[in-house]
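FYI, side chains are in, hydrogens and waters are out, and symmetry mates aren't considered; it's all heavy atoms of this structure.
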Amino acid sequence: MKTMINDEFLLESKTGYDLYHNYAKHMPIVDYHNHLVPEEILEDKNFNNLYEIWLAGDHYKWRAMRANGIEEKYITGDASPYEKFLAWAKTVPQTIGNPLYHWTHLELRNYFGIEELLNEETAPRIWEITERMLQKEALSVRNILKKDHVRFVGTTDDPTDDLEAHRKLQNVEDFTVSPSFRPDPGLHIEKDEFPAWVQKLSDAAGKDITSYEEFLTALGDRVAYFDELGCRSSDHGISSMFFEEGTKEEAADVFRKRMNGEELTVKEADLFRTYTLVTLGKLYADYGWIMQLHMGPKRNNNTKMFHRLGGDSGFDSINDTALAEPLGNFLDALEKEDSLPKTVLYSLNPNDNHILASMAGNFQGDGIKGKVQFGTSWWFNDTIDGMENQMKTLANIGLISNFIGMLTDSRSFLSFSRHEYFRRILCNLIGSWVDKGLAPNDPELLKEYVENICYYNAETYFQLNEKVAMKEV
(Lines give C-alpha, C1' and ligand atoms only; values in the text may rest on other atoms or scores of the structure.)
Protein backbone atom coordinates (compact mmCIF):
# COMPACT_ATOMS: atom_id res chain seq x y z
CA MET A 1 0.00 0.00 0.00
CA LYS A 2 1.27 3.49 -0.87
CA THR A 3 2.01 6.02 1.85
CA MET A 4 0.00 9.14 2.56
CA ILE A 5 3.02 11.26 1.58
CA ASN A 6 2.12 13.19 -1.57
CA ASP A 7 2.07 16.77 -2.84
CA GLU A 8 -0.96 17.59 -0.65
CA PHE A 9 0.48 16.05 2.54
CA LEU A 10 -0.37 18.27 5.56
CA LEU A 11 -1.67 21.02 3.23
CA GLU A 12 -5.39 21.40 3.88
CA SER A 13 -6.20 24.25 1.48
CA LYS A 14 -5.13 25.69 -1.83
CA THR A 15 -3.57 28.66 -0.04
CA GLY A 16 -1.33 26.45 2.07
CA TYR A 17 -0.55 24.26 -0.94
CA ASP A 18 0.52 27.26 -3.02
CA LEU A 19 2.63 28.73 -0.21
CA TYR A 20 4.53 25.47 0.20
CA HIS A 21 5.02 24.54 -3.45
CA ASN A 22 5.67 28.07 -4.74
CA TYR A 23 7.94 29.32 -1.96
CA ALA A 24 8.89 27.07 0.95
CA LYS A 25 9.72 23.90 -0.98
CA HIS A 26 12.63 25.42 -2.86
CA MET A 27 14.37 27.28 -0.04
CA PRO A 28 17.81 26.14 1.16
CA ILE A 29 18.26 24.74 4.66
CA VAL A 30 20.05 26.29 7.60
CA ASP A 31 20.31 23.51 10.21
CA TYR A 32 21.89 25.51 13.00
CA HIS A 33 21.68 22.85 15.72
CA ASN A 34 22.22 19.12 15.28
CA HIS A 35 24.36 16.24 16.52
CA LEU A 36 25.85 15.12 13.22
CA VAL A 37 29.41 13.80 13.29
CA PRO A 38 31.76 16.16 11.39
CA GLU A 39 34.22 13.35 10.71
CA GLU A 40 31.53 11.56 8.70
CA ILE A 41 31.03 14.69 6.60
CA LEU A 42 34.78 15.02 6.12
CA GLU A 43 35.19 11.45 4.85
CA ASP A 44 31.99 11.74 2.78
CA LYS A 45 30.82 8.51 4.35
CA ASN A 46 28.50 6.00 2.73
CA PHE A 47 26.43 4.06 5.27
CA ASN A 48 26.01 0.35 4.66
CA ASN A 49 22.34 -0.05 5.49
CA LEU A 50 19.28 1.52 7.07
CA TYR A 51 20.28 0.33 10.53
CA GLU A 52 23.49 2.36 10.39
CA ILE A 53 22.00 5.57 9.04
CA TRP A 54 18.57 5.26 10.70
CA LEU A 55 18.56 3.24 13.91
CA ALA A 56 22.03 3.07 15.41
CA GLY A 57 21.77 6.24 17.49
CA ASP A 58 18.11 7.21 17.32
CA HIS A 59 16.62 7.11 20.81
CA TYR A 60 13.28 8.38 19.44
CA LYS A 61 12.89 5.06 17.62
CA TRP A 62 14.28 3.11 20.57
CA ARG A 63 11.58 4.49 22.88
CA ALA A 64 8.85 3.53 20.41
CA MET A 65 10.24 0.01 20.04
CA ARG A 66 10.38 -0.49 23.81
CA ALA A 67 6.79 0.76 24.10
CA ASN A 68 5.84 -1.81 21.46
CA GLY A 69 7.25 -4.66 23.52
CA ILE A 70 10.45 -5.19 21.52
CA GLU A 71 13.20 -6.88 23.53
CA GLU A 72 16.27 -4.71 24.21
CA LYS A 73 18.34 -7.26 22.29
CA TYR A 74 16.72 -5.93 19.09
CA ILE A 75 17.15 -2.26 20.08
CA THR A 76 20.60 -1.72 21.57
CA GLY A 77 21.63 -5.34 22.12
CA ASP A 78 23.57 -7.94 20.16
CA ALA A 79 21.00 -8.73 17.46
CA SER A 80 22.20 -8.22 13.89
CA PRO A 81 21.54 -4.92 12.08
CA TYR A 82 18.94 -6.65 9.90
CA GLU A 83 17.12 -8.12 12.89
CA LYS A 84 17.00 -4.68 14.50
CA PHE A 85 15.60 -3.20 11.30
CA LEU A 86 12.91 -5.89 11.20
CA ALA A 87 12.00 -5.02 14.80
CA TRP A 88 11.63 -1.38 13.78
CA ALA A 89 9.54 -2.37 10.75
CA LYS A 90 7.25 -4.31 13.09
CA THR A 91 6.88 -1.19 15.25
CA VAL A 92 6.24 1.38 12.49
CA PRO A 93 2.56 0.47 11.86
CA GLN A 94 1.91 1.07 15.56
CA THR A 95 3.25 4.65 15.49
CA ILE A 96 0.32 6.40 13.77
CA GLY A 97 -0.15 9.76 15.50
CA ASN A 98 3.55 9.94 16.35
CA PRO A 99 5.79 12.02 14.02
CA LEU A 100 7.99 8.95 13.63
CA TYR A 101 5.35 7.52 11.31
CA HIS A 102 5.51 10.51 9.01
CA TRP A 103 9.28 10.97 9.27
CA THR A 104 9.87 7.31 8.39
CA HIS A 105 7.85 7.50 5.20
CA LEU A 106 9.09 10.98 4.24
CA GLU A 107 12.66 9.68 4.42
CA LEU A 108 11.93 6.52 2.45
CA ARG A 109 10.25 8.61 -0.25
CA ASN A 110 12.72 11.50 -0.39
CA TYR A 111 15.98 9.53 -0.39
CA PHE A 112 15.04 6.18 -1.90
CA GLY A 113 11.91 6.86 -3.95
CA ILE A 114 10.00 4.28 -1.90
CA GLU A 115 6.30 5.12 -1.66
CA GLU A 116 4.97 2.03 0.07
CA LEU A 117 4.33 1.65 3.78
CA LEU A 118 7.04 0.05 5.92
CA ASN A 119 5.80 -3.00 7.80
CA GLU A 120 6.83 -6.61 8.40
CA GLU A 121 5.75 -7.64 4.92
CA THR A 122 7.55 -4.90 3.00
CA ALA A 123 10.63 -4.77 5.24
CA PRO A 124 12.80 -7.37 3.42
CA ARG A 125 12.28 -5.67 0.07
CA ILE A 126 12.87 -2.19 1.48
CA TRP A 127 16.05 -3.37 3.24
CA GLU A 128 17.40 -4.81 -0.01
CA ILE A 129 16.56 -1.72 -2.11
CA THR A 130 17.99 0.77 0.40
CA GLU A 131 21.10 -1.32 1.10
CA ARG A 132 21.93 -1.26 -2.59
CA MET A 133 21.20 2.46 -2.99
CA LEU A 134 23.21 3.48 0.08
CA GLN A 135 26.37 2.18 -1.58
CA LYS A 136 25.99 4.66 -4.42
CA GLU A 137 27.75 8.00 -4.60
CA ALA A 138 24.42 9.84 -4.74
CA LEU A 139 23.75 8.89 -1.11
CA SER A 140 27.13 9.71 0.36
CA VAL A 141 26.89 12.15 3.27
CA ARG A 142 27.96 15.20 1.27
CA ASN A 143 25.66 14.38 -1.61
CA ILE A 144 22.74 14.07 0.81
CA LEU A 145 23.54 17.59 2.06
CA LYS A 146 23.72 18.88 -1.51
CA LYS A 147 20.50 17.12 -2.50
CA ASP A 148 18.68 18.82 0.37
CA HIS A 149 20.20 22.23 -0.45
CA VAL A 150 21.74 22.44 3.02
CA ARG A 151 23.75 25.65 3.29
CA PHE A 152 24.78 25.50 6.95
CA VAL A 153 25.32 22.67 9.44
CA GLY A 154 25.85 23.57 13.11
CA THR A 155 27.26 20.54 14.93
CA THR A 156 27.51 20.18 18.73
CA ASP A 157 31.06 20.09 20.11
CA ASP A 158 32.73 19.86 23.49
CA PRO A 159 35.20 22.69 24.28
CA THR A 160 37.93 20.06 24.63
CA ASP A 161 37.45 18.75 21.06
CA ASP A 162 40.37 19.39 18.73
CA LEU A 163 37.99 20.28 15.85
CA GLU A 164 40.41 18.81 13.34
CA ALA A 165 37.57 17.67 11.10
CA HIS A 166 36.13 21.18 11.17
CA ARG A 167 39.51 22.61 10.22
CA LYS A 168 39.66 20.34 7.19
CA LEU A 169 36.08 21.17 6.23
CA GLN A 170 36.77 24.90 6.03
CA ASN A 171 37.30 24.78 2.27
CA VAL A 172 34.15 22.87 1.34
CA GLU A 173 32.36 25.04 -1.21
CA ASP A 174 28.80 23.72 -1.26
CA PHE A 175 27.95 24.24 2.40
CA THR A 176 29.44 25.41 5.69
CA VAL A 177 29.99 23.04 8.62
CA SER A 178 30.36 25.00 11.84
CA PRO A 179 31.17 23.84 15.38
CA SER A 180 28.93 24.90 18.26
CA PHE A 181 30.44 25.39 21.72
CA ARG A 182 28.71 23.05 24.24
CA PRO A 183 30.43 23.49 27.65
CA ASP A 184 27.88 21.59 29.78
CA PRO A 185 30.50 19.44 31.55
CA GLY A 186 32.20 22.64 32.74
CA LEU A 187 29.03 23.87 34.43
CA HIS A 188 28.03 20.59 36.12
CA ILE A 189 30.49 21.07 38.97
CA GLU A 190 28.56 18.68 41.21
CA LYS A 191 29.06 15.68 38.92
CA ASP A 192 31.69 13.01 39.51
CA GLU A 193 33.14 13.65 36.06
CA PHE A 194 33.90 17.34 36.66
CA PRO A 195 37.57 17.08 37.83
CA ALA A 196 38.44 14.78 34.92
CA TRP A 197 36.83 17.22 32.47
CA VAL A 198 38.84 20.09 33.95
CA GLN A 199 41.96 18.05 33.17
CA LYS A 200 40.76 17.54 29.60
CA LEU A 201 40.21 21.30 29.32
CA SER A 202 43.71 21.86 30.68
CA ASP A 203 45.16 19.52 28.06
CA ALA A 204 43.16 21.13 25.24
CA ALA A 205 44.12 24.66 26.26
CA GLY A 206 47.74 23.68 26.84
CA LYS A 207 47.94 25.23 30.30
CA ASP A 208 47.63 24.17 33.92
CA ILE A 209 44.34 24.78 35.71
CA THR A 210 44.84 25.11 39.45
CA SER A 211 42.44 27.98 40.13
CA TYR A 212 39.09 29.33 39.00
CA GLU A 213 40.83 32.19 37.24
CA GLU A 214 42.84 29.71 35.20
CA PHE A 215 39.64 27.73 34.53
CA LEU A 216 37.92 30.80 33.08
CA THR A 217 41.01 31.70 31.06
CA ALA A 218 41.13 28.21 29.56
CA LEU A 219 37.44 28.41 28.63
CA GLY A 220 38.10 31.79 27.02
CA ASP A 221 41.00 30.33 25.04
CA ARG A 222 38.75 27.58 23.72
CA VAL A 223 36.08 30.11 22.75
CA ALA A 224 38.75 31.94 20.74
CA TYR A 225 39.87 28.66 19.15
CA PHE A 226 36.30 27.72 18.19
CA ASP A 227 35.79 31.18 16.74
CA GLU A 228 38.86 30.79 14.52
CA LEU A 229 37.27 27.66 13.05
CA GLY A 230 33.98 29.34 12.20
CA CYS A 231 31.91 28.81 15.34
CA ARG A 232 28.84 31.04 15.39
CA SER A 233 26.95 29.80 18.43
CA SER A 234 27.12 28.16 21.80
CA ASP A 235 24.65 25.61 23.09
CA HIS A 236 23.71 24.78 26.66
CA GLY A 237 21.63 21.90 27.96
CA ILE A 238 19.98 22.99 31.21
CA SER A 239 17.72 20.58 33.07
CA SER A 240 16.59 23.21 35.57
CA MET A 241 17.32 26.90 35.02
CA PHE A 242 19.39 28.45 37.80
CA PHE A 243 20.42 31.89 39.02
CA GLU A 244 22.35 32.37 42.24
CA GLU A 245 24.11 35.71 42.35
CA GLY A 246 27.61 35.81 43.78
CA THR A 247 31.07 37.28 43.38
CA LYS A 248 33.99 35.92 41.43
CA GLU A 249 35.73 35.24 44.72
CA GLU A 250 32.80 33.14 45.93
CA ALA A 251 32.75 31.19 42.67
CA ALA A 252 36.48 30.64 42.99
CA ASP A 253 36.00 29.28 46.50
CA VAL A 254 33.38 26.80 45.23
CA PHE A 255 35.77 25.69 42.47
CA ARG A 256 38.57 25.20 45.01
CA LYS A 257 36.35 23.15 47.33
CA ARG A 258 35.22 20.89 44.50
CA MET A 259 38.73 20.27 43.20
CA ASN A 260 39.75 19.39 46.76
CA GLY A 261 37.03 16.75 46.85
CA GLU A 262 34.71 18.60 49.25
CA GLU A 263 30.93 18.33 49.07
CA LEU A 264 28.99 21.29 47.65
CA THR A 265 25.57 22.59 48.54
CA VAL A 266 23.00 23.18 45.78
CA LYS A 267 23.36 26.93 46.40
CA GLU A 268 27.13 26.76 45.94
CA ALA A 269 26.84 24.75 42.72
CA ASP A 270 24.27 27.20 41.35
CA LEU A 271 26.45 30.17 42.27
CA PHE A 272 29.37 28.63 40.36
CA ARG A 273 27.17 27.83 37.38
CA THR A 274 25.66 31.31 37.34
CA TYR A 275 28.94 33.20 37.48
CA THR A 276 30.52 30.93 34.89
CA LEU A 277 27.61 31.13 32.44
CA VAL A 278 27.35 34.92 32.79
CA THR A 279 31.08 35.14 32.07
CA LEU A 280 30.65 32.94 29.00
CA GLY A 281 27.64 34.99 27.86
CA LYS A 282 29.80 38.11 27.85
CA LEU A 283 32.38 36.30 25.74
CA TYR A 284 29.71 35.20 23.27
CA ALA A 285 28.57 38.80 22.92
CA ASP A 286 32.16 39.94 22.31
CA TYR A 287 32.54 37.39 19.51
CA GLY A 288 29.12 38.03 18.00
CA TRP A 289 27.95 34.48 18.72
CA ILE A 290 24.41 33.26 19.36
CA MET A 291 23.72 31.69 22.78
CA GLN A 292 21.28 28.76 22.65
CA LEU A 293 19.64 27.62 25.90
CA HIS A 294 17.94 24.21 25.75
CA MET A 295 16.01 24.03 29.02
CA GLY A 296 13.74 21.53 30.68
CA PRO A 297 14.74 17.89 30.16
CA LYS A 298 14.75 15.48 33.09
CA ARG A 299 17.51 13.12 32.09
CA ASN A 300 18.39 9.49 32.84
CA ASN A 301 15.23 8.66 34.80
CA ASN A 302 15.75 4.90 34.54
CA THR A 303 18.80 4.27 36.71
CA LYS A 304 19.10 0.59 35.79
CA MET A 305 19.15 1.37 32.06
CA PHE A 306 21.46 4.36 32.54
CA HIS A 307 24.05 2.10 34.17
CA ARG A 308 23.57 -0.40 31.36
CA LEU A 309 23.52 1.92 28.32
CA GLY A 310 24.62 5.39 29.45
CA GLY A 311 22.98 8.69 28.56
CA ASP A 312 21.02 9.62 25.42
CA SER A 313 19.50 6.15 25.27
CA GLY A 314 15.82 7.04 25.42
CA PHE A 315 15.17 7.48 29.14
CA ASP A 316 14.77 11.26 29.33
CA SER A 317 11.49 13.12 29.78
CA ILE A 318 10.00 16.57 30.41
CA ASN A 319 10.93 18.49 33.57
CA ASP A 320 8.60 20.90 35.39
CA THR A 321 10.81 23.15 37.52
CA ALA A 322 10.42 26.93 37.86
CA LEU A 323 11.78 28.81 34.86
CA ALA A 324 10.63 32.43 34.58
CA GLU A 325 12.43 33.98 37.56
CA PRO A 326 15.91 32.43 37.15
CA LEU A 327 15.84 32.85 33.36
CA GLY A 328 14.76 36.47 33.61
CA ASN A 329 17.45 37.19 36.21
CA PHE A 330 20.13 35.54 34.08
CA LEU A 331 19.26 37.45 30.90
CA ASP A 332 18.98 40.68 32.88
CA ALA A 333 22.42 40.17 34.45
CA LEU A 334 23.93 40.22 30.95
CA GLU A 335 21.66 43.01 29.67
CA LYS A 336 22.62 45.31 32.56
CA GLU A 337 26.21 45.18 31.36
CA ASP A 338 25.29 45.57 27.67
CA SER A 339 26.62 42.03 27.18
CA LEU A 340 23.55 40.00 26.23
CA PRO A 341 24.32 38.12 23.02
CA LYS A 342 21.71 37.09 20.49
CA THR A 343 19.93 34.27 22.31
CA VAL A 344 17.60 31.41 21.40
CA LEU A 345 15.35 30.05 24.17
CA TYR A 346 13.96 26.51 24.00
CA SER A 347 11.99 24.61 26.61
CA LEU A 348 11.13 20.94 26.52
CA ASN A 349 8.01 21.66 28.57
CA PRO A 350 5.25 23.09 26.35
CA ASN A 351 3.72 24.67 29.46
CA ASP A 352 6.65 27.10 29.25
CA ASN A 353 5.78 28.34 25.74
CA HIS A 354 4.13 31.55 26.90
CA ILE A 355 6.91 32.16 29.43
CA LEU A 356 9.58 31.96 26.74
CA ALA A 357 7.66 33.97 24.15
CA SER A 358 6.97 36.76 26.63
CA MET A 359 10.49 36.61 28.13
CA ALA A 360 12.05 37.01 24.69
CA GLY A 361 10.10 40.24 24.27
CA ASN A 362 11.77 41.74 27.34
CA PHE A 363 15.21 41.74 25.75
CA GLN A 364 14.79 42.86 22.15
CA GLY A 365 16.69 45.81 20.75
CA ASP A 366 20.08 46.88 19.42
CA GLY A 367 18.55 47.21 15.96
CA ILE A 368 18.44 43.40 15.62
CA LYS A 369 15.26 41.75 14.38
CA GLY A 370 14.33 39.06 16.87
CA LYS A 371 17.51 39.44 18.93
CA VAL A 372 16.14 37.02 21.54
CA GLN A 373 14.25 34.18 19.89
CA PHE A 374 11.58 31.84 21.18
CA GLY A 375 13.12 28.77 19.57
CA THR A 376 11.35 26.14 17.52
CA SER A 377 9.48 23.24 19.10
CA TRP A 378 12.00 20.76 20.44
CA TRP A 379 12.26 17.01 21.06
CA PHE A 380 8.95 15.79 22.52
CA ASN A 381 7.27 18.86 20.98
CA ASP A 382 8.61 18.18 17.48
CA THR A 383 5.11 17.20 16.34
CA ILE A 384 2.32 18.72 14.26
CA ASP A 385 0.55 20.00 17.37
CA GLY A 386 3.82 21.04 19.02
CA MET A 387 5.02 23.06 16.02
CA GLU A 388 1.64 24.71 15.53
CA ASN A 389 1.37 25.60 19.21
CA GLN A 390 4.87 27.07 19.32
CA MET A 391 4.26 29.19 16.22
CA LYS A 392 0.81 30.32 17.38
CA THR A 393 2.23 31.35 20.75
CA LEU A 394 5.05 33.26 19.09
CA ALA A 395 2.61 34.97 16.72
CA ASN A 396 0.24 35.84 19.58
CA ILE A 397 2.91 37.33 21.83
CA GLY A 398 5.79 38.35 19.55
CA LEU A 399 6.59 38.58 15.84
CA ILE A 400 6.51 35.30 13.96
CA SER A 401 7.79 37.23 10.92
CA ASN A 402 11.27 37.27 12.54
CA PHE A 403 11.28 33.59 13.57
CA ILE A 404 14.48 31.75 12.58
CA GLY A 405 12.64 28.50 11.93
CA MET A 406 13.45 24.84 12.11
CA LEU A 407 16.39 22.67 13.14
CA THR A 408 16.74 18.89 13.25
CA ASP A 409 18.56 18.33 16.58
CA SER A 410 19.32 14.95 15.03
CA ARG A 411 22.10 12.42 14.66
CA SER A 412 20.88 11.16 11.28
CA PHE A 413 21.70 12.56 7.85
CA LEU A 414 18.23 11.55 6.67
CA SER A 415 16.58 13.87 9.19
CA PHE A 416 16.69 16.91 6.92
CA SER A 417 13.24 15.78 5.78
CA ARG A 418 12.04 17.28 9.06
CA HIS A 419 12.55 20.70 7.46
CA GLU A 420 10.00 19.69 4.84
CA TYR A 421 7.67 18.55 7.63
CA PHE A 422 8.04 21.91 9.38
CA ARG A 423 7.60 23.89 6.18
CA ARG A 424 4.40 22.08 5.27
CA ILE A 425 3.02 22.74 8.77
CA LEU A 426 4.08 26.41 8.59
CA CYS A 427 2.44 26.96 5.20
CA ASN A 428 -0.71 25.15 6.25
CA LEU A 429 -0.93 27.35 9.37
CA ILE A 430 -0.45 30.62 7.51
CA GLY A 431 -2.83 29.42 4.80
CA SER A 432 -5.48 28.71 7.45
CA TRP A 433 -5.14 32.28 8.74
CA VAL A 434 -5.68 33.60 5.22
CA ASP A 435 -8.66 31.34 4.60
CA LYS A 436 -10.27 32.43 7.89
CA GLY A 437 -9.78 36.11 7.05
CA LEU A 438 -7.20 36.56 9.81
CA ALA A 439 -4.42 37.50 7.36
CA PRO A 440 -4.57 39.19 3.96
CA ASN A 441 -4.34 37.16 0.77
CA ASP A 442 -1.35 39.24 -0.31
CA PRO A 443 0.99 36.98 -2.31
CA GLU A 444 4.05 39.20 -1.92
CA LEU A 445 3.61 39.61 1.83
CA LEU A 446 2.98 35.89 2.34
CA LYS A 447 5.98 35.01 0.16
CA GLU A 448 8.14 37.22 2.35
CA TYR A 449 6.89 35.56 5.54
CA VAL A 450 7.40 32.02 4.26
CA GLU A 451 10.82 32.54 2.70
CA ASN A 452 12.11 34.49 5.69
CA ILE A 453 11.00 31.90 8.24
CA CYS A 454 12.28 29.00 6.13
CA TYR A 455 15.67 30.51 5.33
CA TYR A 456 16.47 34.21 5.22
CA ASN A 457 15.90 35.01 8.92
CA ALA A 458 18.36 32.31 9.97
CA GLU A 459 20.82 33.37 7.26
CA THR A 460 20.81 36.90 8.67
CA TYR A 461 20.74 35.87 12.34
CA PHE A 462 23.76 33.59 11.96
CA GLN A 463 25.49 36.02 9.59
CA LEU A 464 25.86 33.34 6.98
CA ASN A 465 26.06 35.69 4.03
CA GLU A 466 29.64 36.39 5.07
CA LYS A 467 30.65 32.86 4.04
CA VAL A 468 27.65 31.18 2.47
CA ALA A 469 26.17 32.71 -0.64
CA MET A 470 22.77 31.44 -1.68
CA LYS A 471 23.04 29.54 -4.96
CA GLU A 472 20.46 28.66 -7.55
CA VAL A 473 18.43 25.62 -6.48
Side-chain angles (χ1 to χ4, degrees), residues 156-163 179-228 231 233-295 325-341 343:
T156 303
D157 307 87
D158 191 280
T160 64
D161 291 347
D162 65 14
L163 302 184
S180 300
F181 191 79
R182 179 80 176 242
D184 293 358
L187 295 176
H188 292 303
I189 191 170
E190 77 287 354
K191 290 195 173 183
D192 293 340
E193 300 84 1
F194 180 78
W197 189 84
V198 172
Q199 183 58 54
K200 286 181 66 178
L201 178 64
S202 172
D203 295 340
K207 56 183 61 175
D208 292 336
I209 299 177
T210 59
S211 68
Y212 184 56
E213 182 69 41
E214 291 171 343
F215 176 76
L216 292 180
T217 298
L219 281 175
D221 288 350
R222 298 308 290 172
V223 168
Y225 179 71
F226 270 59
D227 189 72
E228 289 174 6
C231 182
S233 69
S234 69
D235 182 52
H236 301 267
I238 300 171
S239 293
S240 179
M241 190 61 201
F242 50 83
F243 187 83
E244 185 66 46
E245 201 161 15
T247 65
K248 186 176 184 179
E249 289 72 25
E250 289 173 315
D253 189 53
V254 175
F255 180 83
R256 178 193 57 76
K257 287 178 65 176
R258 179 66 184 88
M259 296 305 285
N260 286 339
E262 299 179 42
E263 292 289 326
L264 302 179
T265 66
V266 172
K267 181 176 180 179
E268 287 174 324
D270 283 346
L271 188 152
F272 169 86
R273 271 191 284 272
T274 300
Y275 195 93
T276 304
L277 188 54
V278 168
T279 301
L280 286 170
K282 294 175 183 178
L283 277 175
Y284 304 153
D286 289 343
Y287 281 95
W289 287 9
I290 290 93
M291 177 171 65
Q292 299 183 77
L293 303 178
H294 282 88
M295 299 168 285
E325 184 172 355
L327 176 61
N329 289 339
F330 169 66
L331 297 174
D332 192 50
L334 288 165
E335 179 73 2
K336 284 188 292 189
E337 298 192 34
D338 296 320
S339 295
L340 179 65
T343 300

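- Remark: Thr276 engages Tyr212 in a side chain to side chain donor-acceptor pair (under 3.5 Å) (not counting sequence neighbours).
- Legend: residues meeting side chain to side chain donor-acceptor pair (under 3.5 Å) with Lys257, ordered by chain and number and at least two apart, are Glu268.
- For the atom pair Leu277 CG and Leu293 CG, the distance stands at 6.5 Å (nearest 0.5 Å).
- Shown here for Pro341 and Leu334, the closest heavy-atom pair between the two residues is CD-CD1, 4.2 Å.
- Each salt bridge (Lys or Arg N to Asp or Glu O under 4.0 Å) pair with one or both residues in residues 211-221, not counting sequence neighbours, appears once here: Lys207-Asp221, Glu213-Lys248.
- Every residue two or more places apart in sequence or in another chain that forms a ring-ring contact (aromatic ring centres under 6.0 Å, His included) with His294 is listed here: His33, Tyr346, Trp378.
- With sequence neighbours excluded, the residues forming a ring-ring contact (aromatic ring centres under 6.0 Å, His included) with Phe226 are Phe181, listed by chain and number.
- Contact between Val278 and Ala333 at its shortest, heavy atoms only, is CG2-CB, 4.4 Å.
- For the salt bridge (charged side-chain N to carboxylate O under 4.0 Å, His left out) test, residues two or more places apart in sequence or in another chain that qualify with Arg182 are Asp184, Asp235.
- Taking each heavy atom of Met241 and Leu327 in turn, the nearest pair found is CG-N, 3.7 Å.
- Between the CE atom in Met295 and the OG atom in Ser239 there is a gap of 11.5 Å [rounded to 0.5 Å].
- Residues Val266 and Phe242 form no side-chain contact, since every pair of their non-hydrogen atoms from C-beta on lies 4.5 Å or further apart.
- Distance check, rounded to the nearest 0.5 Å: CG of Asp157 to CG of Leu163 gives 5.5 Å.
- Here the shortest heavy-atom pairing between Ala218 and Ala205 reads CB-CB, 3.9 Å.
- Residue pairs meeting the side chain to side chain donor-acceptor pair (under 3.5 Å) criterion with at least one member in residues 328-340, sequence neighbours excluded: Lys282-Glu337.
- Ring geometry for Tyr284 versus His236: interplanar angle of 30 to 60°, hence tilted.
- Here the OG1 atom belonging to Thr274 is positioned 8.5 Å from the CZ atom belonging to Phe330, to the nearest 0.5 angstrom.
- Annotation: the span from Trp289 atom CH2 to Thr343 atom OG1 amounts to 13.5 Å, rounded to 0.5 Å.
- By the side chain to side chain donor-acceptor pair (under 3.5 Å) test, Ser180 is found to be paired with Ser233, residues two or more places apart in sequence or in another chain being considered.
- Met291 and Leu340 get closest at one heavy-atom pair: CE-CD1, 4.5 Å.
- Take Tyr275 and apply the side chain to side chain donor-acceptor pair (under 3.5 Å) test, not counting sequence neighbours, and it matches no residue.
- Remark: side-chain polar atoms of Arg258 are not paired, donor with acceptor, to backbone N or O of Pro195 under 3.5 angstrom.
- For the atom pair CD1 of Ile189 and CZ of Phe194, the computed distance is 4.5 Å after rounding to the nearest 0.5 Å.
- Under a cut-off of 6.0 angstrom, the local environment of CG in Asp162 is crowded, with over 12 non-hydrogen atoms contributed by other residues, nucleotides or ligands.
- A search for salt bridge (charged side-chain N to carboxylate O under 4.0 Å, His left out) contacts involving Glu262 returns Arg256, not counting sequence neighbours.
- For Leu283, the side chain to side chain contact (heavy atoms under 4.5 Å, CB included) partners are Val223, Leu280, Tyr287, not counting sequence neighbours.
- The stretch residues 189-199 participates, sequence neighbours left out, in these side chain to side chain donor-acceptor pair (under 3.5 Å) pairs: Asp158-Trp197, Glu190-Arg273, Gln199-Asp203.
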